[in-house]
**Student:** 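I am attaching a structure below and will ask some questions about it afterwards.
Within every chain, numbering begins at 1; the chains are lettered A, B, ... in the order of the sequence lines, protein sequences first and strands thereafter. When reading the values below, keep in mind they use all heavy atoms of this one structure, side chains included, and skip hydrogens, waters and symmetry mates.
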2 protein chains.
Amino acid sequence: MSTKDKILDAAENFIRTQGFNSFSFRDVAAAIGIKSASVHYHFPTKDDLGEAVTDRYSANILASLEAEGAESTAPAIRVDAFIGIYRGALKDARQMCLCGMLGAEIESLGDPVKAAVRRFFQAQENWLASFLRKTHPEQDDEVARARARSAVAALQGALIMARTMDDHSVFEDVAARIRTGLIR
Amino acid sequence: MSTKDKILDAAENFIRTQGFNSFSFRDVAAAIGIKSASVHYHFPTKDDLGEAVTDRYSANILASLEAEGAESTAPAIRVDAFIGIYRGALKDARQMCLCGMLGAEIESLGDPVKAAVRRFFQAQENWLASFLRKTHPEQDDEVARARARSAVAALQGALIMARTMDDHSVFEDVAARIRTGLIR
DNA sequence: AATTATCTATCTATCAGTAGGTAGACAGAA
DNA sequence: TTCTGTCTACCTACTGATAGATAGATAATT
């Protein structure tokens, strides 16, 4: 793996566990065995790094939804793929969604990172709303959008609560209700 | 207002807008026109300050629920009081729930703050679950708990999304669905 | 083929600024 | 006098960021 990718991996991990403002260039460098000046070589400023991590994360999520939850797949499978992305973050490494974390800290971020986080949430809402318009063509677009927003919000909040309470059942309780709410 | 209260107010504001790791003792001191050493006099460490802010916040929320949503009040009013706490944070100052922010950053916090945040979420869940057991006595306790957790999670996530998208309608869309879900 | 020049990725060393935190002086109130 | 609250002055550690050196690979020129 290239150094650039190692840096992105380490930075993503720091952001998703501790937040954007609680890690330094030195932390990232130490995590992968280089010096902080070398991190600056690949990403001149912390905002550059944050933007790159966020863009890569968004692309990965969308690609994963494309793979596991393509339009041809059955509705229940598609919903499970969507929820599974959030569950995986929690189960694999007790992490937040990258953009859930950055969204909480949004006021302390630079404009490029802010914009990248916005794009992520818009994409999540769009994916779910478009799913709902397909499975419930009789429903108003506004209703689909509201349902989509509610599901994304609940998943983000579920990650916060499950991590805080150190109890995965919090996430599962919320996920189960979202699932039936989206499939119904 | 006492200096101690001014410090708590300023710290709460910083945490709820930017997060616990993006403000300093100097920031707090400057916000209220004193020196950082004086902040240390009232709260020796940053953890002490974080714990005090969190405990005060929890007490205030519970008192407010006691006042506006006491057990004798009609269910719809009680739910509105609960949701209104979250809406107020967003509308008045575009702030997060203090514990939603700290919950996201939980891994970077000291144990006393962690514990205080946990107590808040447990109290929120308990309040809503006890409300639901009263309005739906026929329902299992586990269902009430799951419904309560889902509502709190969705409200926390709604704050993140509404702030990130700079669009209050995101919050209102989610709040409306939670409201009907809780009253039904 | 040999030489020269350029590029890439890293390093060491350093900067000015800020972090959380402390010691001790001082003024006013009890 | 003693206690309370605030101050000045300072500490060590760390922050994001930069400058300049260096080694190795690659490309261009002779």
**Student:** Please determine if a side-chain N or O atom of B:Ser38 lies less than 4.0 Å away from the OP1 or OP2 oxygen of D:dG5.
**Tutor:**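 No, outside the criterion.
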**Student:** Check this for me, if you would: do B:Asp9 and B:Lys4 make a salt bridge, where the nitrogen-to-carboxylate-oxygen distance has to be below 4.0 angstrom?
**Tutor:** no
**Student:** Whole angstrom is fine here: how far is it from NE2 in B:His40 over to C1' in D:dC11?
**Tutor:**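 B:His40 atom NE2 is separated from D:dC11 atom C1' by 12 Å.
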**Student:** Please tell me which of A:Gly33 and A:Arg26 maps to the more 5' nucleotide of DNA chain C, matching each residue to the nucleotide holding its nearest heavy atom.
**Tutor:** A:Gly33
**Student:** In whole angstrom, give the distance that lies between atom NZ of B:Lys46 and atom P of C:dT18.
**Tutor:**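 Whole-Å distance recorded here is 15 Å.
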**Student:** From CG of B:Asp5 over to P of D:dG5, roughly how many Å is that when rounded to an integer?
**Tutor:** 12 Å
**Student:** Rounding to a whole Å, what distance do you find between A:Phe25:CZ and D:dA17:P?
**Tutor:**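 From A:Phe25 CZ to D:dA17 P: 5 Å.
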**Student:** Whole angstrom is fine here: how far is it from CZ in A:Phe23 over to C1' in D:dC14?
**Tutor:**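 That distance rounds to 15 Å.
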**Student:** Taking all non-hydrogen atoms of both residues, which atom of A:Gln124 and which atom of A:Ile61 are closest, and how far apart?
**Tutor:**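 Minimum heavy-atom contact is OE1-CG2, 3.6 Å.
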**Student:** Measure from CD1 on A:Ile34 to P on C:dT12 and round the result to the nearest Å.
**Tutor:** 12 Å
**Student:** Does A:Glu68 come within less than 4.0 Å of A:Arg78, counting only side-chain N to carboxylate O?
**Tutor:**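 Not counted as a salt bridge, because no side-chain N and carboxylate O are separated by less than 4.0 Å.
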**Student:** Please check the phosphate of D:dT6 (OP1 and OP2 only) for any side-chain N or O of B:Thr3 closer than 4.0 Å.
**Tutor:**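 Looking at the OP1 and OP2 atoms of D:dT6, one of them is under 4.0 Å from a side-chain N or O of B:Thr3.
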**Student:** Looking at C:dA19, I'd like to know if its phosphate oxygens (OP1 or OP2) sit under 4.0 Å from a side-chain N or O belonging to B:Ser24.
**Tutor:**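 Yes.
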**Student:** Could you go through A:Gln139 and A:Arg147, starting from their C-alpha distance and side-chain angles, then the distance that decides it, and tell me whether this counts as side chain to side chain donor-acceptor pair (under 3.5 Å)?
**Tutor:** CA-CA 11 Å; A:Gln139 226 164 34; A:Arg147 289 177 71 191; 2.8 Å; yes
**Student:** Roughly, in whole Å, what's the span from CZ in B:Phe43 to P in C:dT22?
**Tutor:**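 Distance, rounded to whole Å: 16 Å.
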**Student:** Would you kindly give the NE2-to-P distance between B:His42 and C:dG21, to the nearest whole Å?
**Tutor:**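 After rounding, the gap between these two atoms is 16 Å.
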**Student:** Using OP1 and OP2 only, check whether a side-chain N or O of B:Tyr41 sits under 4.0 Å from D:dT6.
**Tutor:** no
